[in-house]
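Since the structure is predicted, the reported quantities are computational estimates derived from the model, not experimental observations. In what follows, chains are A, B, ... by sequence order, proteins preceding strands, each numbered from 1.
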2 protein chains.
Amino acid sequence: MARRGRVELRRIEDRTSRQVRFSKRRAGLFKKAFELAVLCDAEVSLLVFSPAGRLYEYASSRCMPLADPRTLFCLPAPSTYSLLLCNFAQ
Amino acid sequence: MARRGRVELRRIEDRTSRQVRFSKRRAGLFKKAFELAVLCDAEVSLLVFSPAGRLYEYASSRCMPLADPRTLFCLPAPSTYSLLLCNFAQ
DNA sequence: CACTATGAATAAGA
DNA sequence: TCTTATTCATAGTG
């Protein structure tokens, strides 16, 4: 009725199990990220792509990068945004 | 000799405690991020700024898309990314 | 999606 | 740092 032993650190082959584990662990990871930001006054940015390509994201403030399907990054200022993209491109 | 109760979810006022907690939880968070990537075949990007402004980062691959999967905007190198983020965060 | 036994993380203390 | 008492996360199940 619970886990039988230590968790093996390798890709889960079963597709269904992998998706379920992904949902659960993703939730746990985002919770931890949030807690770190709050408890320790840190800035945190977390981006996760599911195997299916769906994006999940968290940022502790507007000064951390967020991915947006349309704009690539959500930045405080458009000018900064352009500059950042230019730098990245080279 | 161990925790005395439930952890309160708010900023830790004591500077020393906050730094110790930050180190421990940061390590835990990065481990979880790594595990999610390996176990569930996901792409993960994690950025953390300490209160002192120091950056810690993880990406499940050097080509972790930080944006639209269609554009597949890849990072040239972690160092470049760090530099850009520092500029942008201030 | 809820439950629960068990492994893991971690807050304090040393 | 290292240890240990506890809380917390979560794998397997219903």
Problem set entry | Bounds of contact between DNA chain D and chain A, in 5' to 3' order, using a heavy-atom cut-off under 4.0 Å |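 So the contact region on DNA chain D extends D/dA9 to D/dT13.
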For this session: May I ask you to test the A/Leu46-B/Val44 pair for a side-chain heavy-atom distance under 4.5 Å?
Result: yes
Exercise. Quick one: how far along DNA chain C does chain B reach, first to last nucleotide 5' to 3', anything under 4.0 Å to a heavy atom?
Worked result: C/dA9 to C/dG13
Exercise. Looking at A/Ala42 and B/Phe49, what are the two nearest heavy atoms and their distance?
Worked result: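 Heavy atoms of A/Ala42 and B/Phe49 come nearest at CB-O, 3.2 Å.
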For this session: With sequence neighbours left out, write down each residue that passes salt bridge (charged side-chain N to carboxylate O under 4.0 Å, His left out) with A/Arg4, or none if nothing qualifies.
Result: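 Salt bridge (charged side-chain N to carboxylate O under 4.0 Å, His left out) check on A/Arg4 returns nothing, list empty.
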Problem set entry | Partners meeting salt bridge (charged side-chain N to carboxylate O under 4.0 Å, His left out) with A/Arg54 (sequence neighbours left out) | none
Exercise. In residues 3-13 of chain A, which ones come under 4.0 Å of DNA chain D, going by heavy atoms?
Worked result: A/Arg3, A/Arg4, A/Val7
N/O donor-acceptor pairs under 3.5 Å from side chains in residues 24-41 of chain B, not counting sequence neighbours:
unit_1  : atom_1 : unit_2  : atom_2 : d
B/Arg25 : NH1    : A/Glu35 : OE1    : 2.9
B/Glu35 : OE1    : A/Arg25 : NH1    : 2.9
B/Asp41 : OD2    : A/Arg11 : NE     : 3.4

Problem set entry | Sub-4.0 Å heavy-atom contacts from residues 14-38 of chain B onto DNA chain C, ordered by number |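 Those residues are B/Arg21, B/Lys24, B/Arg25, B/Gly28, B/Lys31, B/Lys32.
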Pairs under 3.5 angstrom only: tabulate donor-acceptor contacts from the side chains of residues 15-23 of chain B to other protein residues two or more places apart or in another chain.
unit_1  : atom_1 : unit_2  : atom_2 : d
B/Ser17 : OG     : B/Asp14 : OD2    : 2.8
B/Arg18 : NH1    : B/Ile12 : O      : 2.8
B/Arg18 : NH1    : B/Glu13 : O      : 3.3
B/Ser23 : OG     : B/Gln19 : O      : 3.3

For this session: Quantify the bending of the helix from C/dC1-D/dG14 to C/dA14-D/dT1 as the angle between its end axes, each fitted on five pairs, to 10°.
Result: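 End axes: 30° apart.
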